[in-house]
Amino acid sequence: MTTTGEIRWGIIGTANIARGQFLPGLREAGGGRAAMVAGRELDRAQAWAAEHGVDRGVAGYDAVTDSPDIDAVYVAVPNSLHAEWTVRALRAGKAVLSEKPLCVGAAQTAEVLDAASGIDGALLWEAFVFPFQAQHRRLTALLDDGAIGQPAELVSVFHFHPTRPGDIRFSAALGGGCLADVGCYPIRLAHELFGAADDELATGSAVTNGVVEVDAAGLVPYGTRRLLLSCGFQRSYDTFTQVLGSEGQLYLTNPFHPGPADTLTLHRPRQEPVTEHPTTDAHSFTAALRHIHAVLGGEAGPEHLASDSALATARTLEAVKAACGL
Ligand SMILES: NC(=O)c1ccc[n+]([C@@H]2O[C@H](COP(=O)([O-])OP(=O)(O)OC[C@H]3O[C@@H](n4cnc5c(N)ncnc54)[C@H](OP(=O)(O)O)[C@@H]3O)[C@@H](O)[C@H]2O)c1
């Protein structure tokens, strides 16, 4: 699929993430425009479009997937709806950026990836945007250069307080719970850094509110390495992450949605810490959208497609959930 001119995006769902992250990233990336947003209600979609600089608001998500005027679709609905709208958009010949986690559970993820692999030229990204960012490239370069010797352990947290009434994160039917919502980030990062997890050896514990888990911790082995993750909806926002190795450690204030103020610090025994600010983009989604535009414009080959990582992440997520007794 090669597109000349601006990439015309269609957004599925008048979502908070589309307003707060996707649209600012799209503006910063350049090369694309928000051509359409679909909501369940026309009035809401039109008002949202007018307020956030989208060309048109339309009723019904199929208005986006079926439109000949759309090149790429951003699926920003609750987790339980990602699979259906991702597949419908792919079958309509659109490139798709689907929110994380791509699906609810490993079986559904496998089904969606299977459907994608059956579509000639399908381009599907799961919206883990950090692997595209300058900070992540710097992290992997430091690890490849042996800055901390042999990496052995990843300690990674993602906590925040959802405060909106009726937040989708507290609905089991919509695929909520803190492991799916934010625990998936450390798991995805561990997959990037350590490869295949020993899912059958995962352990964990969780606290529930009677509907979904609201706090959880897990330990996942990756051969001789391991991930220690902690996530939840009950603590103030924090995503600090450490990669600990045989000769030092790297500490990131925010590996997943860094801004220019976030830091990556190298600690080595008996040496002064070295702190960098590797993030150049103001918005977290910018690098991923720049990449997608380059791919659709025929200027780059696709990287970090969902096919490489989504199933592994979903399986590990499921293993941690099972270990937590969920
Ligand atoms: N990648 C990231 O950094 C990141 C960050 C936050 C969230 N996310 C993901 O983005 C997705 C949306 O999260 P969000 O926080 O933006 O959610 P949100 O603000 O609640 O938006 C979800 C949208 O989905 C639509 N929707 C369809 N069925 C719905 C239902 N039964 N209940 C509620 N909404 C429904 C609604 O739009 P209409 O009414 O217009 O149809 C709603 O605006 C989730 O998958 C989440 O995991 C990703």
Side-chain angles (χ1 to χ4, degrees), residues 10-26 36-52 54 56-65 73-86 96-105 108-109 112 125-133 158-189 212 231 233 237 239 254-259 281 283-289 292 304 306 309-310 313-314 317:
I11 302 168
I12 293 190
T14 57
N16 199 44
I17 183 67
R19 174 197 58 75
Q21 293 279 10
F22 174 82
L23 287 173
L26 185 61
M36 199 182 277
V37 60
R40 290 168 296 174
E41 293 166 24
L42 181 61
D43 289 355
R44 184 175 152 83
Q46 287 178 331
W48 199 94
E51 189 179 350
H52 301 300
V54 180
R56 285 175 65 198
V58 295
Y61 302 150
D62 52 357
V64 161
T65 55
V73 171
Y74 174 49
V75 178
V77 282
N79 300 341
S80 58
L81 299 178
H82 293 176
E84 176 185 355
W85 291 102
T86 292
V96 177
L97 175 65
S98 182
E99 263 309 340
K100 41 56 55 179
L102 181 63
C103 296
V104 178
Q108 195 184 56
T109 308
V112 168
W125 288 273
E126 186 179 24
F128 286 110
V129 291
F130 69 85
F132 297 94
Q133 296 165 349
F158 201 144
H159 288 262
F160 79 116
H161 272 301
T163 52
R164 287 182 291 159
D167 195 304
I168 58 172
R169 289 160 183 78
F170 294 105
S171 164
L174 297 179
C178 67
L179 279 164
D181 191 57
V182 281
C184 58
Y185 281 94
I187 290 171
R188 179 73 178 80
L189 178 59
V212 295
C231 63
F233 296 150
Y237 182 88
T239 61
N254 191 338
F256 308 120
H257 292 296
D281 293 324
H283 300 289
S284 185
F285 273 53
T286 304
L289 293 172
I292 293 172
H304 304 299
S309 55
T313 302
L317 192 58

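No hydrogens, no waters, no symmetry mates; every other heavy atom, side chains included, goes into these values. First listed ligand is number 1; within each ligand, the first listed atom is number 1.
Ligand 1 has P78 within reach: a non-hydrogen atom of the residue lies less than 4.0 Å from it. Residue contacts with ligand 1 leave out Y74, since none of its heavy atoms falls under 4.0 Å from the ligand. Residue F285 places a heavy atom less than 4.0 Å from ligand 1. The shortest separation from a heavy atom of F256 to ligand 1 is not under 4.0 Å, leaving the residue out of contact.
Ligand 1 places these atoms under 4.0 Å from at least one heavy atom of H82: 45 (O). Here is the list of ligand 1 atoms found below 4.0 Å of a heavy atom in A127: 1 (N). In summary, the atoms of ligand 1 found under 4.0 Å from a heavy atom of V77, numbered by their order in the structure, are 11 (C), 12 (C), 24 (O), 25 (C), 44 (C), 45 (O). Of all atoms in ligand 1, listed by their number and element, those nearer than 4.0 Å to a heavy atom of A76 are 12 (C), 22 (C), 23 (C), 24 (O). Set against the non-hydrogen atoms of R169, the atoms of ligand 1 under 4.0 Å away are 6 (C), 7 (C), 13 (O), 14 (P), 15 (O). Close approach to D181 involves these atoms of ligand 1, each under 4.0 Å from a residue heavy atom: 47 (O). Counting atoms of ligand 1 from 1 in the listed order, those under 4.0 Å from a heavy atom of Y185 are 1 (N), 2 (C), 3 (O), 4 (C).
Protein heavy atom at the shortest distance from atom 36 (C) of ligand 1 is R40 NH2, 3.7 Å. The protein heavy atom nearest to atom 33 (C) of ligand 1 is I168 CG2, 3.6 Å. Summary of contacts: the protein heavy atom closest to atom 27 (C) of ligand 1 is Y61 OH, 3.1 Å.
In R44, the part holding a heavy atom less than 4.0 Å from any atom of ligand 1 is the side chain. With a 4.0 Å heavy-atom cut-off, ligand 1 is reached by the side chain of L174 but not by its N, CA, C or O. Only the side chain of H257 comes within 4.0 Å of ligand 1, counting heavy atoms alone; its backbone N, CA, C and O stay farther away. Only the side chain of L81 comes within 4.0 Å of ligand 1, counting heavy atoms alone; its backbone N, CA, C and O stay farther away.
Between G13 and ligand 1, a contact under 3.5 Å exists for no N or O pair.
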